[in-house]
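Lettering follows sequence order; numbering is per chain, from 1. All values derive from a computational prediction rather than experimental measurement.
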There are 2 protein chains.
Amino acid sequence: MAKLERSVLAVDVVLFRVDDGELAVLLHRRAQEPFADAWSLPGVAVRSAETLESAARRALLEKGGLHEASIPQLHLEQLYTFDALYRDPRGRTVSVAHIGLVPLDDAARSAGAWRPVAAVERGSLPFDHGQILETGVNRLRGKLRYTNIAARLLPDTFRIDELQAVYEAVLGRDINRANFRNKLLRIGLIEQAGVKAEAVGRRGGRPPHLYRFTSEGVEAEERDFV
Amino acid sequence: MAKLERSVLAVDVVLFRVDDGELAVLLHRRAQEPFADAWSLPGVAVRSAETLESAARRALLEKGGLHEASIPQLHLEQLYTFDALYRDPRGRTVSVAHIGLVPLDDAARSAGAWRPVAAVERGSLPFDHGQILETGVNRLRGKLRYTNIAARLLPDTFRIDELQAVYEAVLGRDINRANFRNKLLRIGLIEQAGVKAEAVGRRGGRPPHLYRFTSEGVEAEERDFV
DNA sequence: GCAAAAGTGTTACCACTACACCCATGC
DNA sequence: GCATGGGTGTAGTGGTAACACTTTTGC
């Protein structure tokens, strides 16, 4: 069994994006033992002079394979602190897991090893990373319902069908198009950005308006959105 | 400024109970510097061979002044991990804050230094404990809305007016008696425990039934209760 | 009987669901 | 014109809020 004399504090990051209607997560191929060559969540040990968030961004830089420029803008938030005594065979390691979100249009979407969440076998991940991923997905689903966190998965302005695709990818179910639209506008979560989107890559049909999230934070909203 | 060479992992606990219609928190009078004699949240450094939850219970035992017998039964859950670089003047200390709940009838209610949450001046608490307390209150309020966490603030069977008092104390607002009752029974959160309560300490009026929380976990409920 | 507190029912309103239909554009 | 997708309105349904009313006890 692992030795427990010294404790290490680490961070692991569950970085999400929505890709072509699917929720995807960034994985990292481990170079060293233990679990060499296995796909894991990117993570690093926390240095004594950096915050957890800094460490999480460093994990994405050093282990994530993302473009460096896109990392400072990413939305990052704490997920949960995992502390099982023997979760790491090298010794006691407490890991503060984080969730990160990449916007649809970010260049980071083309870099790194993205895998559809539905295709990741939880048991195949090393350490307790399967549990961390599961916790992350559940948290993201929950926050989508009562916060405006979807804004961090989209560009500043977007079409409503893109927004709906994000909700459907994360929640894993279909949503009625008309009601989705009516509700989000009625409660003031989003508003028209005025201009009409150019018809890039579209196959005809009425051109959509662009929308943005309203500035008022909806963090403390009391009701479900969807 | 503090030195950052070595990192310490700690836990702090926000222990709640409802006392006479008021939400109360357990405080601890610090014996040593820094902040000697100040009232703070109970907390300890995590040992390398114990889990965070064990450390949190140990904090309640060593710093909380509770009866030892009531500590193993307490509901405990992680709140958030606080990591500001200079939150502790002695050096880098990352603290995994926890929420704890004591049932109404527990003997622990008579032990320790309980203070009404509304009366605790956040700025008077040492370190970032004011922020931790605020985060804890908000989390408790949130979970009351969509989980059965109120069960951990009550005995196994209870009267509906006691349950309502818990909700009102935590949420900080009045609730309509008839609708509260109808809804919680309709959605199956609680059920009759069959017997009628004895009229101990009551001043007349129809004797109330006793109720219990239904066994089905309501953790993942999608809708607000209140 | 009267007060007090538990328990039940009623009504108006509002939000959600499902669905039909209209609008604006490409071809 | 026709297909395609964006945008709007409506009827039915069900939950919520406010409140009145009934029931069961103590005195």
message = Using a heavy-atom cut-off of 4.0 Å across all strands, would you classify A:Arg181 as base, sugar-phosphate, or nothing?
response = base
inquiry  = Tell me whether the side-chain N/O atoms of B:Lys183 come closer than 4.0 Å to OP1 or OP2 in D:dG15.
reply    = no
message = Taking the minimum atom-to-atom distance to the side chain of A:Asp161, which one of C:dA24, D:dT16, D:dG6 wins?
response = D:dG6
request  = Quick one: which residue pairs count as a salt bridge (charged side-chain N to carboxylate O under 4.0 Å, His left out) with a foot in residues 63-82 of chain B, not counting sequence neighbours?
outcome  = B:Glu77-B:Lys143
inquiry  = Whole angstroms only, please: what is the CZ-P distance between A:Arg159 and D:dG7?
reply    = 10 Å
query = Can B:His209 and B:Gln192 be counted as having a side-chain donor-acceptor contact under 3.5 angstrom?
reply = yes
message = Whole angstroms only, please: what is the CZ-P distance between A:Phe180 and D:dG7?
response = 13 Å
ask   = Hey, is the side chain of B:Tyr211 poking within less than 4.0 Å of OP1 or OP2 on C:dG7, counting only N and O atoms?
value = yes
remark   = CD of B:Gln164 to CD1 of B:Ile175, rounded to nearest 0.5 Å, is 5.5 Å
Listed partners of B:Asp156 passing salt bridge (Lys or Arg N to Asp or Glu O under 4.0 Å), at least two apart = none
note = In whole angstroms, the gap separating C1' of D:dT16 from CD1 of B:Ile187 amounts to 13 Å
key: Short side-chain N/O contact to C:dG7 OP1/OP2 from B:His209, under 4.0 Å   = yes
remark   = Taken to the nearest whole Å, CD/A:Gln164 to P/D:dG7 is 12 Å
query = C:dA18 P sits how many Å from A:Asp174 CG, rounded?
reply = 11 Å
ask   = Which whole-number value in Å describes the distance from B:Arg186 CZ to C:dT8 P?
value = 14 Å
query = Taking only residues two or more places apart in sequence or in another chain, which ones pass salt bridge (Lys or Arg N to Asp or Glu O under 4.0 Å) with A:Arg30?
reply = none
request  = Report the distance from atom CG of A:Leu163 to atom C1' of D:dG5, rounded to the nearest whole Å.
outcome  = 17 Å
ask   = So which pairs with a foot in residues 112-127 of chain A pass salt bridge (charged side-chain N to carboxylate O under 4.0 Å, His left out), sequence neighbours left out?
value = A:Arg122-A:Glu134
Restricting both atoms to N or O, compile the protein contacts to nucleotides 19-23 of chain C shorter than 3.5 Å, with distance only.
residue	atom	partner	partner atom	Å
C:dC23	O4'	A:Arg206	NH1	3.4
C:dC23	O2	A:Arg206	NH1	3.4

task = Take the protein atom CG of B:Leu184 and the nucleotide atom P of D:dG15, then report the distance between them rounded to whole Å.
result = 15 Å
ask   = Taking only residues two or more places apart in sequence, or in another chain, which ones meet A:Tyr80 in a ring pair (Phe, Tyr, Trp, His ring centres under 6.0 Å)?
value = A:Phe82
